[in-house]
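Note sheet for the following structure.
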Amino acid sequence: MAKYLLLKHYRGAPAAVNDVPMDQWAPEEITAHIQYMNDFAARLEKTGEFVGEQALAPEGMWVRYDGEGRPPVTDGPFAETKDLIAGWMIIDVDSYERAVELAGELSAAPGAGGKPIHEWLELRPFYGVRPTVTE
């Protein structure tokens with residue numbers, strides 16, 4: 001089994017087919033989207049492929065150590081993770097193909113108007129894991 005990280009982006013990825021920002025969705029559309037994500041995770045729990053997930057709030061800041069007693073907080077003029085990462089899910093699957101298959105399915109979560117988003121998800125193997133393509 002190999003672990004992969006699925007990253008959902010607020011922005012920074014190619015535009016989704018149903019490219020309506022979540023802050024413009026009706027409450028019932030947000031509820032349907034979250035329910036899809038929960039159902040997806042529950043199904044993967046049953047197959048043993050689910051490791052964890054969490055949605056992230058857009059708030060956040062950069063912090064760095066700058067010497068004893070001086071931990072400055074910066075919010076630079078560059079693209080920041082808080083602007084990009086909306087949430088994550090970790091899966092533990094038998095193959096790279098399975099990871100791609102699940103990422104594709106998760107991409108179909110409903111959005112505005114109840115239509116699938118077809119959003120781009122970033123799929124990343126954990127360090128030290130090489131994608132193995134089965135044939």
Side-chain angles (χ1 to χ4, degrees):
M1 301 283 276
K3 290 184 180 153
Y4 289 86
L5 177 65
L6 300 172
L7 290 172
K8 292 177 65 71
H9 291 264
Y10 282 117
R11 60 180 186 262
V17 173
N18 186 355
D19 194 23
V20 178
M22 189 179 262
D23 63 357
Q24 296 176 22
W25 296 2
E28 61 273 9
E29 293 168 338
I30 293 171
T31 299
H33 181 80
I34 292 170
Q35 186 62 54
Y36 182 97
M37 302 287 292
N38 290 338
D39 292 346
F40 183 82
R43 197 179 88 241
L44 294 185
E45 281 181 332
K46 290 179 183 174
T47 64
E49 296 172 308
F50 180 80
V51 175
E53 55 82 27
Q54 187 65 54
L56 299 173
E59 299 83 27
M61 62 189 65
W62 288 92
V63 178
R64 78 165 191 217
Y65 176 77
D66 197 29
E68 190 64 36
R70 297 181 304 194
V73 176
T74 64
D75 226 357
F78 35 84
E80 300 179 18
T81 303
K82 71 176 188 182
D83 294 330
L84 305 176
I85 307 299
W88 54 268
M89 180 177 287
I90 298 173
I91 57 174
D92 193 1
V93 295
D94 288 327
S95 67
Y96 171 75
E97 290 85 3
R98 179 65 175 155
V100 170
E101 176 187 346
L102 292 174
E105 186 177 335
L106 189 57
S107 166
K115 296 178 183 172
I117 299 172
H118 297 280
E119 69 181 323
W120 289 91
L121 296 174
E122 188 175 349
L123 176 65
R124 303 209 30 205
F126 276 52
Y127 184 72
V129 175
R130 294 178 188 210
T132 54
V133 178
T134 58
E135 296 183 41

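Sequential numbering from 1 along the given sequence is applied to the chain's residues. Every heavy atom of this structure was used, including side-chain atoms; hydrogens, water molecules and symmetry mates were not.
The closest side-chain heavy-atom distance from D94 to M1 is below 4.5 Å.
A donor-acceptor pair is defined here as one N or O able to donate and one able to accept, closer than 3.5 Å; such a pair exists between the side chain of N18 and the backbone of K115. In this structure, W25 contributes its side chain and V20 its backbone to a donor-acceptor pair below 3.5 Å. Under the 3.5 Å distance criterion, the side-chain polar atoms of Q24 are left unmatched by any main-chain donor or acceptor of P21. Judged by distance alone, with hydrogens and angles left aside, the side-chain atoms of E53 form no donor-acceptor pair with the main-chain N or O of W88 at under 3.5 Å. Remark: side-chain polar atoms of S107 are not paired, donor with acceptor, to backbone N or O of W120 under 3.5 angstrom. A donor-acceptor pair under 3.5 Å links the side-chain atoms of H33 to the main chain of P110, judged by distance alone.
Ion pairing between a basic and an acidic side chain is recognised when a charged N comes within 4.0 Å of a carboxylate O; E122 and R124 show such pairing. E105 and R43 are joined by a salt bridge, as a carboxylate oxygen and a charged side-chain nitrogen come within less than 4.0 angstrom of each other.
Connection of I117 to L7 is not established within any shared hydrophobic cluster, with ILVMFWY side chains joined at heavy-atom distances below 4.5 Å, either directly or through further cluster members.
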Derivation of the side-chain contact (heavy atoms from CB on, under 4.5 Å) call for F40 and L102: CA-CA 9 Å; F40 183 82; L102 292 174; 4.0 Å; yes

Worked check of side-chain contact (heavy atoms from CB on, under 4.5 Å) between K8 and L121: CA-CA 5 Å; K8 292 177 65 71; L121 296 174; 3.5 Å; yes

side-chain contact (heavy atoms from CB on, under 4.5 Å) assessment of D92 paired with E49: CA-CA 5 Å; D92 193 1; E49 296 172 308; 5.7 Å; no

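Across all their heavy atoms, L6 and A103 have their closest contact at CD2-CB, 3.6 Å. Between M37 and A109, the shortest heavy-atom contact is SD-CB, 4.4 Å.
Of the inter-residue distances, the one linking M89 atom CE with Q54 atom CD reads 10.5 Å to the nearest 0.5 angstrom. Atom CD1 of I91 is separated from atom CG of L5 by 9.0 Å, given to the nearest 0.5 angstrom. Separation of atoms CG (D39) and CD1 (I34) is listed at 12.0 Å; rounding is to 0.5 Å. In this structure, CD1 on I90 lies 9.0 Å from CZ on F50, to the nearest 0.5 angstrom.
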